[in-house]
Amino acid sequence: VVGCGSGCFGCCVDEITVWQSEADRIATYVRAAKVSIEVGAVGGCALLLNGRCQVYAARPYVCRSQGAVLAFFDGEQDRRDTCPEHLEGLDLAALPESAVFELGPAEQELASIASQELGERSGRGLPERVSLRELATRLAKSPVG
């Protein structure tokens with residue numbers, strides 16, 4: 001159950017970073033789909049333009065989980081949570097398992113990818129994080145086509 005829809009972009013803020021592999025995936029999408037990127041206003045996500053994500057089909061993992069009802073274990077009990085904007089009249093406990101996003105499996109896959117990248121870096125430290133603002137600026141300078 002995702003309560004976000006067109007015009008809901010309160011979570012789309014500046015200072016979001018992604019792993020280099022996600023930045024590469026976004027850049028590949030932009031080239032393949034021939035998306036002409038315009039850098040969004042400071043304060044909001046640089047990839048947000050007129051309230052819409054310019055790379056929605058290739059948006060990063062952090063963006064994909066926003067607005068979903070999240071299920072997770074907090075170390076003591078199973079919990080569910082979502083954006084406060086979506087809580088009105090929503091009984092999280094009553095939702096079926098199919099309506100929630102379980103934190104854990106996807107993160108394990110990302111950890112595995114990060115581990116592989118780390119191994120490939122052979123002791124050079126953590127993989128680089130890329131600012132979405134820096135990425136948008138680079139993509140905006142790239143000719144489409």
Side-chain angles (χ1 to χ4, degrees), residues 1-121 125-140 142 144-145:
V1 174
V2 177
C4 298
S6 184
C8 183
F9 49 87
C11 296
C12 306
V13 296
D14 244 337
E15 301 180 20
I16 293 174
T17 63
V18 297
W19 294 111
Q20 183 64 53
S21 56
E22 282 191 289
D24 293 345
R25 187 174 53 80
I26 292 168
T28 297
Y29 165 78
V30 166
R31 285 190 296 274
K34 298 183 179 177
V35 177
S36 181
I37 296 293
E38 292 184 44
V39 180
V42 172
C45 177
L47 293 169
L48 189 68
L49 188 64
N50 300 320
R52 299 190 65 88
C53 179
Q54 298 174 85
V55 297
Y56 187 81
R59 67 197 182 282
Y61 172 76
V62 66
C63 304
R64 290 176 184 275
S65 66
Q66 295 302 310
V69 175
L70 304 175
F72 57 95
F73 183 72
D74 71 3
E76 295 181 19
Q77 63 180 341
D78 287 326
R79 295 184 38 126
R80 290 182 177 187
D81 200 6
T82 191
C83 172
E85 297 289 324
H86 307 136
L87 286 175
E88 188 175 329
L90 185 61
D91 181 0
L92 299 180
L95 293 174
E97 293 296 318
S98 62
V100 301
F101 183 82
E102 181 184 355
L103 292 179
E107 290 76 13
Q108 288 292 14
E109 186 175 340
L110 288 173
S112 174
I113 292 168
S115 260
Q116 181 179 0
E117 286 182 5
L118 193 56
E120 290 169 1
R121 295 178 61 77
L126 290 174
E128 178 183 345
R129 298 285 296 183
V130 177
S131 152
L132 288 183
R133 182 152 301 279
E134 290 172 19
L135 177 62
T137 301
R138 272 197 323 253
L139 293 173
S142 300
V144 174

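Note that the structure is a prediction, hence the values are computed from the model and not measured.
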Taking all atoms of both residues into account, what is the closest heavy-atom pair of [X] and [Y], and its distance?
X	Y	answer
Gln20	Val130	OE1-CG2, 3.1 Å
Cys53	Leu48	N-CD1, 3.9 Å
Arg129	Thr17	NH2-O, 2.7 Å
Leu132	Cys45	CD1-SG, 4.0 Å
Val39	Ala140	CG2-CB, 3.8 Å

key: Greater than 12 external heavy atoms within 6.0 Å of Glu15's CD   = no

Quick one: [atom1] on [X] to [atom2] on [Y], what's the gap to the nearest 0.5 Å?
X	Y	atom1	atom2	answer
Leu135	Leu47	CG	CG	6.0 Å
Ile16	Cys63	CD1	SG	5.0 Å
Arg52	Cys12	CZ	SG	11.5 Å
Arg138	Arg133	CZ	CZ	13.5 Å
Tyr29	Arg59	OH	CZ	10.5 Å
Gln54	Ile26	CD	CD1	11.5 Å

Backbone N/O of Leu95 and side chain of Arg80: donor-acceptor pair under 3.5 Å =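 Between the backbone of Leu95 and the side chain of Arg80 there is a qualifying donor-acceptor contact (under 3.5 Å).
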
ask   = Between the main-chain N or O of Tyr61 and the side-chain N or O of Glu22, is there a donor-acceptor pair closer than 3.5 Å?
value = yes

inquiry  = Quick check: do Leu139 and Val35 have side-chain heavy atoms less than 4.5 Å from each other?
reply    = no

